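Worksheet for the structure shown next.
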Protein chains: 2
Amino acid sequence: MHRQPNVHIHLGDCLPILQGMESGSVNLAYLDPPFFTQKVHRLAPRDRSREFSFDDLWSSQKEYATFLFERLSEIRRVVADDGSVFFHCDRNAVHLARAIMDDVFGSENFRSEIIWHYRRWSNSQRGLLPTHQTILYYTQSDNYTFNEIWTEYSPATNVDQILQRRSRDGSNKSVYARDEQGNAIPNGTKRGVPLSDVWDIPFLNPKAKERTGYPTQKPLLLLERIISLATNEGDCVLDPFCGSGTSLVAAQLLNRTAIGIDLSEDAVEITKQRLEEPIMSQSRLLDVGREAYRNADDNALAILQGVDYVPVQRNAGIDAILKQDFAGGPITVLVQRPGETLLEAARKLSKASASKGAKLMFLIAMSRGGCFDFAEELPTGVVVIESPALGIREHLDKLKRPDVLLEKASYLPPVKPESLFETL
Amino acid sequence: MHRQPNVHIHLGDCLPILQGMESGSVNLAYLDPPFFTQKVHRLAPRDRSREFSFDDLWSSQKEYATFLFERLSEIRRVVADDGSVFFHCDRNAVHLARAIMDDVFGSENFRSEIIWHYRRWSNSQRGLLPTHQTILYYTQSDNYTFNEIWTEYSPATNVDQILQRRSRDGSNKSVYARDEQGNAIPNGTKRGVPLSDVWDIPFLNPKAKERTGYPTQKPLLLLERIISLATNEGDCVLDPFCGSGTSLVAAQLLNRTAIGIDLSEDAVEITKQRLEEPIMSQSRLLDVGREAYRNADDNALAILQGVDYVPVQRNAGIDAILKQDFAGGPITVLVQRPGETLLEAARKLSKASASKGAKLMFLIAMSRGGCFDFAEELPTGVVVIESPALGIREHLDKLKRPDVLLEKASYLPPVKPESLFETL
DNA sequence: TACACCTCTGAATCTTCCA
DNA sequence: CTGGAAGATTCAGAGGTGT
């Protein structure tokens, strides 16, 4: 048994250790037990010098159910009256876990089925890519600790709706309240939308420094959210299958005390190290948000509708690549931006495409950009395509020319698109 | 019993009707059964001495479980060998549903736990806002129909790694492959990322036209996705608890046949009406596919960016009016829709514009529509402008011509947009 | 048939390079 | 020198393949 200021780590099966604990002494239990996946998890740590592994092969579902049932029953005893339990489930065991939890804690104490959603790699082509895990949230009683977390309004939300007070009219319809002068009544400050049960938190990235090399490691952010939802400072967090100790690190960072238990010596060792030197990887994605990566903005891409393309987001010189190849290389596309000449755009596209091996590039012209004579200077392989805006604008300009009679103008023959290829 | 061309609707309990159906006659079954949410299973937490058993869950809800089990067994019989079942679950019954489905179809035929995620407004303050529902996806066998759907890469993904082939170096590290000159080797066409099991589909807006007033109505988009994933055109879709018939409408729109069953006369009546309505107003969808049409409709105007226009709602022949006038009348704009020839679009535009006194109309061409020689027949005053999609597509076609040398093609001089106006 | 091993993939970080 | 953008790398799944 190792002792950190406010964190206790035990080595061994959690059942006897739980049995030795005082009733009601824990405010939050988080469990991520080994699952009945019939696979041995195996992963080399970052330095590739050691291997961790644990065996979660249970001879039958019944045996596994009993294993869980015994430990959960003890957990129920040690959790305080206003305490909570979060049970992290493999998708192959959710229903089993739910049934056992209903049995132990009572279905009336089931609060939420939390979906942890993340994006992930895979080359799976037949079937849907699994990108979520489930966390079952139960409380000991109706009177549980819950700290609200507010998130941002959806971009689609009508601001009026948020800012104006509402009332019911004669027929009990919800309407905006008005004062005597008919003005809207402000509704005070708004905190946002209450946290939902679907959590979008990035999966722990293979390159993250936060990684310990221990299998099934969870992101710190996930545990921080759980702990701050269900406990207050000074409360006690229990993790009976603590693995690499993410929950304990999170508890420590949030000024909670914590008790961790694990069967594996490696796990306990790693956890001790992490507690002394907690590393939370600096995630740019989390810092700046997913949106910050988008430089192929939707406006630009909307111009491309009707084309089969893949949007490209992390490259200033390329908005999209076509799904089709050409001469062994990709076909890249850029939409000219406001305030940028056609030639500038073409050079950007050409430069960015060079390293991608593209031999054909399409540039969508939004304006003439002060450069009518670009043909000679245009980088090799760049093909300019007009946007409708440009076509419309130029056509209108043409109609203003003194030598074009207005009456005749409305009878203009349509432009034959074939003329585009006259230069071929 | 009501009969539409390819949709049969039955009134009554589905069990006897299923029993009368032929084995293997259905390719996809979608169920959204009623849930008896009166929380019969309010089990008091037990003493810890007992063992957990699945029988407890079963017997506590015996009546309901039996109800489902009987019907699911029949469903298994009528589903074809390569068929699928999607079971839409109430969150209070997922585990029960999963257990029964495992029993009837076998856990080895469990494919996915689909999370339907939507945003929802609520001021609930204690606890997490439920914003998801679960759909269990099972197949009849290993050899099941599955049509891949591809989605966008994460914005944080960089293009290089998806465009370049990779190999292993001496120490088995993954690195980019290079040819003798040290250039990157392209890795073939890219389609995007396979569809994940978390689906972000907006909940039916309370004001949406789609809404029938029937409770628990699901968005069309959700059903369309399920049907297009698991069936091909002409296949048969079964919905034994069809309610307001969203699945049947979706099946019809996607050229599948469908069988719907419901206990309620109201439900059957509403379904009949909904089925007739889309046939009347959207017969075109049957030819061109719902997806293309919807996208075009939503985004039609996006293609006009860079132009000063006022969007026009609810006018089939006009998408926008330019802020600028011409010859004393407005200038109208229409974007050609998928499945519509250029000439059809031009006539629509011309007809709709006549009453507005427009003397100049712009038609944005998205395809050639089988009509290369439209110039003469084109209504007076209509000017055709090419969409970038069209320009790109035609350019690529040009490059495929036998008389165009590939080597030369990649060095094609850029098209001078001026050439567009040579016919003036 | 079962299983070990090799290949492919892409999210998100780390690293490098360039302006 | 510095900050940001582009490029390189890691590793967990899912397949495929060969024994």
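By convention in this document, chain letters (A, B, ...) are assigned in the order of the sequence lines, proteins followed by strands, and residues within each chain are numbered from 1. As the structure is a prediction and not an experimental result, all values here were calculated from the model. Reckoned from all heavy atoms, side chains included, excluding hydrogens, waters and symmetry mates.
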query = B/V159 near the nucleic acid: base, sugar-phosphate alone, or nothing, with a heavy-atom cut-off under 4.0 Å?
reply =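 Contact class for B/V159: none.
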request  = Scan B/R111 against the nucleic acid and name what it touches under 4.0 Å (heavy atoms): base, sugar-phosphate only, or nothing.
outcome  =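 No contact.
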query = What about A/R314, does its side chain sit under 3.5 Å from the base of D/dA6 through a donor-acceptor pair?
reply =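 Flag set: donor-acceptor pair detected.
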In whole angstrom, what separates [X]'s [atom1] from [N]'s [atom2]?
X      : N      : atom1 : atom2 : value
B/Y176 : C/dC14 : OH    : P     : 16 Å
B/L163 : D/dA8  : CG    : C1'   : 14 Å
A/L128 : D/dG15 : CG    : P     : 11 Å
A/K348 : D/dA5  : NZ    : C1'   : 12 Å
A/L204 : D/dG13 : CG    : P     : 11 Å
A/L349 : D/dA6  : CG    : P     : 13 Å
B/D197 : D/dG13 : CG    : C1'   : 13 Å
B/F146 : D/dG15 : CZ    : P     : 10 Å

Counting only side-chain heavy atoms from C-beta out, which of [options] sits nearest to [X]?
X      : options                : value
A/N205 : D/dA8, D/dG7, C/dT13   : C/dT13
B/V175 : C/dA12, D/dA6, D/dT9   : D/dT9
A/P202 : C/dA12, C/dC14, D/dA14 : C/dA12

task = Applying ring-ring contact (aromatic ring centres under 6.0 Å, His included), name anything that partners A/F86, two or more places apart in sequence or on another chain.
result =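 ring-ring contact (aromatic ring centres under 6.0 Å, His included) check on A/F86 returns A/Y137.
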task = List in chain and number order the residues that pass ring-ring contact (aromatic ring centres under 6.0 Å, His included) with B/F87, two or more places apart in sequence or in another chain; answer none if no residue qualifies.
result =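 Counting only residues at least two positions away or on another chain, B/F87 forms no ring-ring contact (aromatic ring centres under 6.0 Å, His included).
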query = Quick one: salt bridge (charged side-chain N to carboxylate O under 4.0 Å, His left out) partners of A/R120, sequence neighbours excluded?
reply =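 Once residues adjacent in sequence are excluded, A/R120 has no partner under the salt bridge (charged side-chain N to carboxylate O under 4.0 Å, His left out) criterion.
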inquiry  = Once salt bridge (charged side-chain N to carboxylate O under 4.0 Å, His left out) is applied, do any residues pair with B/D160, and if so which ones, sequence neighbours excluded?
reply    =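 Scan of B/D160 (salt bridge (charged side-chain N to carboxylate O under 4.0 Å, His left out), adjacent residues dropped) gives A/K356.
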ask   = Between A/R126 and B/D142, does at least one N-O distance fall below 4.0 Å, as a salt bridge requires?
value = no
ask   = With the threshold set at 4.0 Å, does a side-chain nitrogen-carboxylate oxygen contact exist between A/K359 and A/D325?
value =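 No.
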request  = Encode nucleotides 3-10 of chain C as B, S and - characters from 5' to 3', where the letter depends on protein heavy atoms closer than 4.0 Å: B to the base, S only to sugar-phosphate, - to neither.
outcome  = -----BBB
Using a 3.5 Å cut-off and no angle test, enumerate the donor-acceptor pairs between side-chain atoms of residues 347-355 of chain A and protein atoms at least two apart in sequence or in another chain.
from	atom 1	to	atom 2	distance (Å)
A/K348	NZ	A/E340	OE2	2.7
A/S353	OG	A/T332	OG1	2.8
A/S353	OG	A/L349	O	2.6

query = Are A/K356 and D/dG7 close enough that a side-chain N or O sits under 4.0 Å from OP1 or OP2?
reply =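 For A/K356, the contact criterion (side-chain N or O under 4.0 Å from OP1 or OP2 of D/dG7) is met.
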Toward the 5' end of DNA chain C, by each residue's nearest nucleotide, A/F203 or A/K351 = A/F203
